[in-house]
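First comes the structure, then the notes that go with it.
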Amino acid sequence: MHEMGVVIEIVKIADAKAKEEHAHGVKRLVLQLGQLSALVPELVEACFPAAVYETLLENAELKIEVIPANGLCLKCRQVFHVVENEFECPACGSEEWDLLSGKEIIIKEIRVW
């Protein structure tokens with residue numbers, strides 16, 4: 001479970017940003033995780049309480065938004081959902097495509113008080 005290390009780094013970044021803003025605490029942290037980011041949202045949620053212990057995020061709500069894996073077919077230029085279409089363009093059947101989104105790990109929002 002590599003999620004713990006990633007969550008600890010995310011919390012460090014959010015905690016430092018909250019301290020820069022002279023916040024008393026963090027109310028809410030919103031993360032965007034790409035569908036192919038290799039992070040399992042349920043495991044990120046499970047790691048979160050331990051990672052925020054004795055930080056400004058200790059009582060923060062965690063919200064996770066999953067970014068779909070979209071690809072651009074190199075043959076017919078169709079944009080398609082890669083996972084739903086089993087890594088094959090639904091328009092022409094090609095397996096040659098570029099990934100447009102789906103590997104991101106983004107701190108979207110840090111709401112402080």
Side-chain angles (χ1 to χ4, degrees):
M1 179 166 73
H2 64 281
E3 279 81 359
M4 180 56 96
V6 175
V7 173
I8 288 171
E9 292 305 315
I10 290 169
V11 169
K12 284 181 184 176
I13 293 167
D15 191 62
K17 187 65 181 169
K19 286 176 180 169
E20 279 179 27
E21 300 296 324
H22 306 289
H24 297 287
V26 175
K27 287 182 184 177
R28 185 178 194 188
L29 177 67
V30 180
L31 299 178
Q32 291 183 320
L33 303 178
Q35 193 174 19
L36 299 176
S37 70
L39 292 179
V40 178
E42 293 80 10
L43 294 179
V44 170
E45 290 171 346
C47 294
F48 191 71
V52 299
Y53 181 69
E54 294 188 345
T55 71
L56 291 178
L57 288 84
E58 193 161 10
N59 296 310
E61 169 195 4
L62 173 64
K63 181 177 180 190
I64 297 175
E65 300 173 353
V66 176
I67 298 173
N70 288 321
L72 173 66
C73 178
L74 296 179
K75 188 175 177 184
C76 72
R77 312 302 290 171
Q78 173 85 24
V79 175
F80 65 99
H81 192 285
V82 173
V83 175
E84 287 180 0
N85 291 288
E86 300 178 356
F87 303 90
E88 184 178 293
C89 176
C92 70
S94 174
E95 295 179 354
E96 295 181 26
W97 43 269
D98 283 335
L99 189 64
L100 298 176
S101 63
K103 287 199 166 186
E104 303 87 341
I105 300 172
I106 299 170
I107 298 174
K108 179 181 176 186
E109 178 184 326
I110 304 169
R111 188 171 298 176
V112 298
W113 58 277

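Keep in mind that what you see is a predicted model, and the values were worked out from it rather than measured.
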Measure the [atom1]-[atom2] distance between [X] and [Y] for me, rounded to the nearest 0.5 Å.
{"X": "L29", "Y": "K27", "atom1": "CG", "atom2": "NZ", "result": "14.5 Å"}
{"X": "L43", "Y": "M4", "atom1": "CG", "atom2": "CE", "result": "10.5 Å"}
{"X": "L31", "Y": "I106", "atom1": "CG", "atom2": "CD1", "result": "10.0 Å"}
{"X": "D15", "Y": "E20", "atom1": "CG", "atom2": "CD", "result": "10.5 Å"}

Quiz item: Tell me, do V44 and L62 make a side-chain contact under 4.5 Å, heavy atoms counted?
Solution: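 A side-chain contact exists here, since the closest heavy-atom pair is under 4.5 Å.
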Practice problem: Sequence neighbours left out, what passes ring pair (Phe, Tyr, Trp, His ring centres under 6.0 Å) with H24? Give chain and number order. | Solution: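 With sequence neighbours excluded, H24 shows a ring pair (Phe, Tyr, Trp, His ring centres under 6.0 Å) to W113, given in chain and number order.
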Connected via hydrophobic side-chain network under 4.5 Å: [X] and [Y]:
{"X": "I105", "Y": "L99", "result": "no"}
{"X": "L56", "Y": "I13", "result": "yes"}
{"X": "I107", "Y": "L57", "result": "yes"}
{"X": "I64", "Y": "V7", "result": "yes"}

Contacts table for residues 66-86: side-chain donor-acceptor under 3.5 angstrom, sequence neighbours left out:
from : atom 1 : to  : atom 2 : distance (Å)
H81  : ND1    : V83 : N      : 3.4
H81  : ND1    : E84 : N      : 3.0
H81  : NE2    : Q35 : OE1    : 3.2
N85  : ND2    : H81 : O      : 2.8

Practice problem: Provide the full list of side chain to side chain donor-acceptor pair (under 3.5 Å) pairs with a residue in residues 39-67, sequence neighbours left out, each pair given once. | Solution: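 Listed by first then second residue: Q32-E65, E65-K108.
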Locate the shortest heavy-atom distance separating [X] from [Y]; write the atom from each residue and the value.
{"X": "A51", "Y": "I8", "answer": "CB-CG1, 4.0 Å"}
{"X": "E88", "Y": "G93", "answer": "CG-O, 3.2 Å"}
{"X": "L39", "Y": "H2", "answer": "CD2-NE2, 3.5 Å"}

